[in-house]
Colleague: 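Below you'll find the structure I mean.
The analysis underlying the following values was restricted to heavy atoms, covering all of them including side chains, and did not include hydrogens, waters or symmetry mates. Everything numeric in this text was worked out from a predicted model, so none of it was measured.
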Amino acid sequence: MTHHVTAFAPASVGNVGVGFDILGHSVAGPGDRVLVRHIHEPTVRIAAIRGSTRSLPMDAAKNTAGAAVIAFRDALRIPAGFEIEIDKGIPFGSGMGGSAASAVAALVAANALLGEPLDRHALYPFALEGEAVASGGRHGDNVGSMLLGGLVLSTADRLVPIPVPRGLHCALVHPAAVIETRAARAALKGTYALSDFVAQSANLALLLAGCHERDFDLIRAGLDDVLVEPRRAPLIFGFDRVKQAALSAGALGASISGAGPSVFAWCADEGTAHSVAGWMRSAFSDVGYASEAWISPVAGPAARVIA
């Protein structure tokens, strides 16, 4: 019998601009590693957290990984307990799905310890419980894409994989800055014009249709966030300059990754994505921010067991 398992969950781009809280895609490269082991005590506990620049909760109920595994254990009425060790590989407050990655990696590891593991769709409700600890809401754009890989539409109760055109790549650039999810959500308070909701719905429909039809022109037309981006952009110093750099370098579209401050751009091929990332980093540098970048297929990897 296996007594411990380590799993890896990749970073993600949440919202994908026009799909606030429901659309996300995984990113190859950075991610969180979580080890989960069986213990005799009927509880879930956090034994260690490594690699974080901020103090994270050691109380399992207040930790995204711990809360997800508690929900998993309670729902399945598992008599044994679990001990969790987390190695963070996603920068705190980066808009790259760090809180979600810990929850998903912990779930994938705990699930692998079962004699008859659940499928990834069945893990989704537990991942939402973990995500809610960090953000205050049960939104699945990050956890859904990490569980299944690639571009995923994540509603309240289901995950829908979205096909993407061959060659579609993402340039993801993270400046040396932090925006906490709760603060970014606070920026969205207030009233919205009905016309903005109509425009955003149309753009989301265009993007999804473009993915299904493998039509880059439809994707370009749809990747334009008129609802959330205008309210969050002021939180990211130099955002307008970085977005314009991406578009001028040939990106199909660009917007804020998750809550920010990371900025992503979709590109028709890998070579363009590398060029776009360079121009985005230069634009951040021009306003005084160092940054790092990752290039990934939009059809990125799913979380997986690694040991």
Side-chain angles (χ1 to χ4, degrees), residues 8-17 23-33 50-54 56 64 86-102 104-105 131 134-135 141-143 145-146 169-185 187 223 225 228-229 232-247 249 251 253-267 270 272-298 300-301:
F8 174 87
S12 62
V13 170
N15 303 329
V16 193
L23 190 65
H25 72 82
S26 57
V27 174
D32 284 4
R33 296 164 53 104
R50 296 176 287 266
S52 176
T53 58
R54 298 288 184 96
L56 299 176
T64 60
I86 304 168
D87 286 282
K88 297 295 295 180
I90 299 174
F92 177 83
S94 61
M96 295 167 55
S99 60
S102 293
V104 170
E131 180 74 319
S135 66
D141 51 337
N142 292 302
V143 298
S145 61
M146 293 173 186
H169 274 69
C170 173
L172 178 61
V173 178
H174 170 55
V178 171
I179 296 177
E180 295 193 26
T181 301
R182 291 178 186 266
R185 295 184 84 83
L223 192 47
D225 178 7
V228 175
E229 181 185 300
R232 284 184 169 172
L235 300 177
I236 304 171
F237 191 62
F239 171 78
D240 291 339
R241 188 167 186 161
V242 173
K243 178 178 180 177
Q244 187 55 55
L247 297 176
S255 191
I256 302 167
S257 176
S262 296
V263 180
F264 79 94
W266 274 14
C267 304
E270 183 177 4
T272 302
H274 279 282
S275 176
V276 164
W279 285 104
M280 292 169 71
R281 293 190 68 195
S282 293
F284 268 126
S285 179
D286 288 343
V287 295
Y289 281 99
S291 64
E292 53 187 332
W294 297 270
I295 308 301
S296 170
V298 172

Colleague: If only atom types and distance count, is the side chain of Lys243 paired as donor or acceptor with the main-chain N or O of Val263 below 3.5 Å?
Modeller: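 No, the answer is negative, given that no donor and acceptor are paired below the 3.5 Å cut-off.
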Colleague: Can you tell me how far apart CZ (Arg232) and CZ (Phe239) are? Round to the nearest 0.5 Å.
Modeller: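 Going from CZ on Arg232 over to CZ on Phe239, the span is 11.5 Å.
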Colleague: Side chain of Asp32, backbone of Ala9: donor and acceptor closer than 3.5 Å?
Modeller: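 Such a contact is absent between Asp32 side chain and Ala9 backbone.
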Colleague: Quick one: does Ser296's side chain have a donor or acceptor within less than 3.5 Å of a partner on Cys170's backbone?
Modeller: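 Side chain of Ser296 to backbone of Cys170: no pair is present.
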Colleague: To the nearest 0.5 Å, what is the distance between CD1 on Ile236 and CD on Glu229?
Modeller: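 Going from the CD1 atom of Ile236 to the CD atom of Glu229 covers 8.5 Å.
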Colleague: As a quick check of understanding, evaluate side chain to side chain donor-acceptor pair (under 3.5 Å) for Thr64 and Glu131, giving each step before the final call.
Modeller: CA-CA 6 Å; Thr64 60; Glu131 180 74 319; over 6 Å; no
Colleague: How long is the gap from CZ on Arg33 to CZ on Arg50, to the nearest 0.5 Å?
Modeller: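 It comes to 9.0 Å.
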Colleague: Describe, in one word, how the ring planes of Phe284 and Tyr289 are oriented to each other, choosing from parallel (under 30°), tilted (30 to 60°) and perpendicular (over 60°).
Modeller: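 It falls in the perpendicular class, over 60°.
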Colleague: For atom CZ of Phe92, decide whether the heavy atoms of other residues, nucleotides or ligands shown that lie under 6.0 angstrom number more than 12.
Modeller: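 For Phe92, atom CZ is crowded (more than 12 foreign heavy atoms under 6.0 Å).
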Colleague: With rounding to the nearest 0.5 angstrom, report the CG to OG distance, Asn15 to Ser257.
Modeller: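 If I round to the nearest 0.5 Å, the distance is 8.0 Å.
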Colleague: Main chain of Arg281, side chain of Ser285: is a donor-acceptor contact present, judged purely on distance under 3.5 Å?
Modeller: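 The answer is no, because no donor-acceptor pair under 3.5 Å joins these two groups.
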Colleague: If you draw a 6.0 Å radius around CH2 in Trp279, do more than 12 non-hydrogen atoms from other residues or ligands fall strictly inside?
Modeller: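 No, not enclosed.
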Colleague: Of all the heavy-atom pairs spanning Ser255 and Gly17, show the shortest one and how long it is.
Modeller: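 That would be OG-CA, 3.8 Å.
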Colleague: Considering non-hydrogen atoms only, spot the tightest contact between Met146 and Ser12 and give its length.
Modeller: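 Minimum heavy-atom contact is CE-OG, 3.4 Å.
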Colleague: First locate atom CD of Glu270, then atom CD1 of Ile295, and finally report the distance between them rounded to the nearest 0.5 Å.
Modeller: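 Atom-to-atom, Glu270:CD and Ile295:CD1 are 7.5 Å apart.
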